[in-house]
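Residue numbers begin at 1 in each chain, while the letters A, B, ... track the order of the sequences.
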Protein chains: 2
Amino acid sequence: MQDAETIAAPSTLKIARRSLHAQVVVGLRDLIIEGTLPPGTRINEAQLCETLGVSRTPLREALKVLASEGLVELTPHRGATVRRPTANEVLDTLVVLGGLEALAAEYACRNATPSEIAELAAVHQRMLDFYRAQNRLEYFKLNQSIHSGIIRLAGNHTLIALHDTLQARIKRVRFMGNDRPEQWSNSIAEHEEMIAALQARDAVRLGAVLRLHMENAWQRVRHAL
Amino acid sequence: MQDAETIAAPSTLKIARRSLHAQVVVGLRDLIIEGTLPPGTRINEAQLCETLGVSRTPLREALKVLASEGLVELTPHRGATVRRPTANEVLDTLVVLGGLEALAAEYACRNATPSEIAELAAVHQRMLDFYRAQNRLEYFKLNQSIHSGIIRLAGNHTLIALHDTLQARIKRVRFMGNDRPEQWSNSIAEHEEMIAALQARDAVRLGAVLRLHMENAWQRVRHAL
DNA sequence: GTCTTGCATTTTGAATTCAAAATTCTTGAT
DNA sequence: ATCAAGAATTTTGAATTCAAAATGCAAGAC
């Protein structure tokens, strides 16, 4: 859906085409996911309108959408706050993410082209570079993009959208929890296994690794909740 | 989330507590899912405001939310229409639903109490009654509620919410496609197997049946697209 | 008769306005 | 000095208003 818009062109023209509320959804979502607006932040409409340069109408529309995505909490007559997922929600979300990725594994192993697989392997190598360089942010980004990549290889748009939404909800928690470099090495080993399984087109093995990876992800982040 | 609100009381009082836009989301969602507003219907804001008795502001907020749920399509400067899922989207959605239910199977077999399982078996029996009575609507409702029930037994709220959203998107298509009674009998056999697997707490078997059931569901509905 | 062009009407998008609820601040009593 | 009650202010919820875009219609050209 958004591919054509986001990939193409200097974006300024494209952005002008979008409705204001859609722009606000995108912008505000980023502010939340990236942590500029950390969990628990109270959202003052007038104030945020000022900084975003829009009136309250499109902002409020955007808040409702983000609430339905689980990024914002709306309390009647009391306004919006940036949602802080409970430990249980994080666990539940990780379980579902694992399930979705295991599902994707089957289709990815069946449908992916050799070049697509090679591409993902290349991303994995770049991730290793950042790991060795102790660049936590870039390491994390590529880590996520490998998971998104496996999902994408399945070629199921519903799956892609769902995965994106869930990943967004707990992206920050995962990043914050992933603070001890010794944790990374376990994660790296699992990623090695993933790529190997994908190259062997072994869906069962890939699925198992992905589910295991999510269980371990829980162990890695739970201390931060 | 909505349990406390929807289950309790004559609702009038509770509804008054909700914000207008939330009411409209619920009401409009039902109109779409139940088919009162069939796919492709152009939504005239002023007109719908009239029938719902609200101003355009809450209605437009609701439309944005329903768009993010995939039930409504928003075209800039051209308004909203009730979304008609493409054949591919229906297939993709069924695949994901199957994956989610198979995931739920594991947890349901592990965590469900005997009485919960018995309850689901009872629903299955009631479904059979409606099958024998050729009551398509009630048969269909109980059929769906068995799937929702398995999801619920997993005790994962994220999973429940996701499943609900996806089920809502294609509920109408599935109902329309399920028009030949001879199709029902296959579906019934699969449901028998599900209940048996659940009673045996055989997660592997239950997962397999659920995935198979979704593949067959696709065969049953594809002709209607 | 059909197609095009321009105007009128309708419809959507977004800002503003108004009302109600919540919060904050002040004042006064103990 | 602390707390409670109530007024003032802020903030949210929803209707209304205004502007811009799209649609429909009519007149005229071919």
Seminar exercise, completed: side-chain hydrogen bond (donor to acceptor under 3.5 Å, both in side chains) filter on B/Ser68, not counting sequence neighbours, yields A/Ser68
Exercise. Under the ring pair (Phe, Tyr, Trp, His ring centres under 6.0 Å) test, which residues partner B/Trp184, sequence neighbours left out?
Worked result: B/Tyr139
Problem set entry | Residues that B/Arg211 engages under salt bridge (Lys or Arg N to Asp or Glu O under 4.0 Å), provided they are two or more places apart | A/Glu106
Seminar exercise, completed: In numerical order, the residues of residues 50-67 of chain A whose heavy atoms come under 4.0 Å of DNA chain D are A/Arg56, A/Arg60
Exercise. Relative to the ring of B/His191, is the ring of B/His124 parallel (under 30°), tilted (30 to 60°) or perpendicular (over 60°)?
Worked result: parallel
Which atom pairs, one a donor and one an acceptor, fall under 3.5 Å between side chains of residues 59-66 of chain B and the rest of the protein, sequence neighbours left out?
from, atom 1, to, atom 2, distance (Å)
B/Arg60, NH1, B/Glu45, OE1, 3.3
B/Arg60, NH1, B/Glu45, OE2, 2.8

Exercise. Counting heavy atoms not belonging to B/Glu119, are there more than 12 under 6.0 Å from its CD?
Worked result: no
For this session: Would you work out how much the helix from C/dG1-D/dC30 to C/dT30-D/dA1 bends between its ends, with each end axis defined by five base pairs, to 10 degrees?
Result: 10°
Seminar exercise, completed: Atom CG of A/Leu74 and atom P of D/dG13 are separated, to the nearest Å, by 7 Å
Seminar exercise, completed: By side-chain hydrogen bond (donor to acceptor under 3.5 Å, both in side chains), A/Ser148 pairs with (sequence neighbours left out) A/Gln167
Exercise. Which atom pair, heavy atoms only, marks the closest approach of B/Leu120 to B/Gly149?
Worked result: CD1-CA, 3.9 Å
Seminar exercise, completed: Taken in chain and number order and not counting sequence neighbours, the residues that satisfy side-chain hydrogen bond (donor to acceptor under 3.5 Å, both in side chains) with B/Thr165 are none
Exercise. Considering only heavy atoms, which members of residues 37-48 of chain B lie under 4.0 Å from some atom of DNA chain C?
Worked result: B/Arg42, B/Ile43, B/Asn44, B/Glu45
Could you pull out the protein-nucleic contacts involving nucleotides 21-25 of chain C (nitrogen or oxygen on both sides, under 3.5 Å)?
from, atom 1, to, atom 2, distance (Å)
C/dT23, OP1, A/Arg78, NE, 3.3

Problem set entry | side-chain hydrogen bond (donor to acceptor under 3.5 Å, both in side chains) against A/Asn216, all qualifying residues, sequence neighbours excluded | A/Glu190
Exercise. Could you go step by step and tell me if A/Glu69 and A/Arg29 meet the salt bridge (Lys or Arg N to Asp or Glu O under 4.0 Å) rule?
Worked result: CA-CA 10 Å; A/Glu69 289 180 13; A/Arg29 190 194 283 124; 2.7 Å; yes
Problem set entry | All ring pair (Phe, Tyr, Trp, His ring centres under 6.0 Å) counterparts of B/Phe175, not counting sequence neighbours | B/Phe140
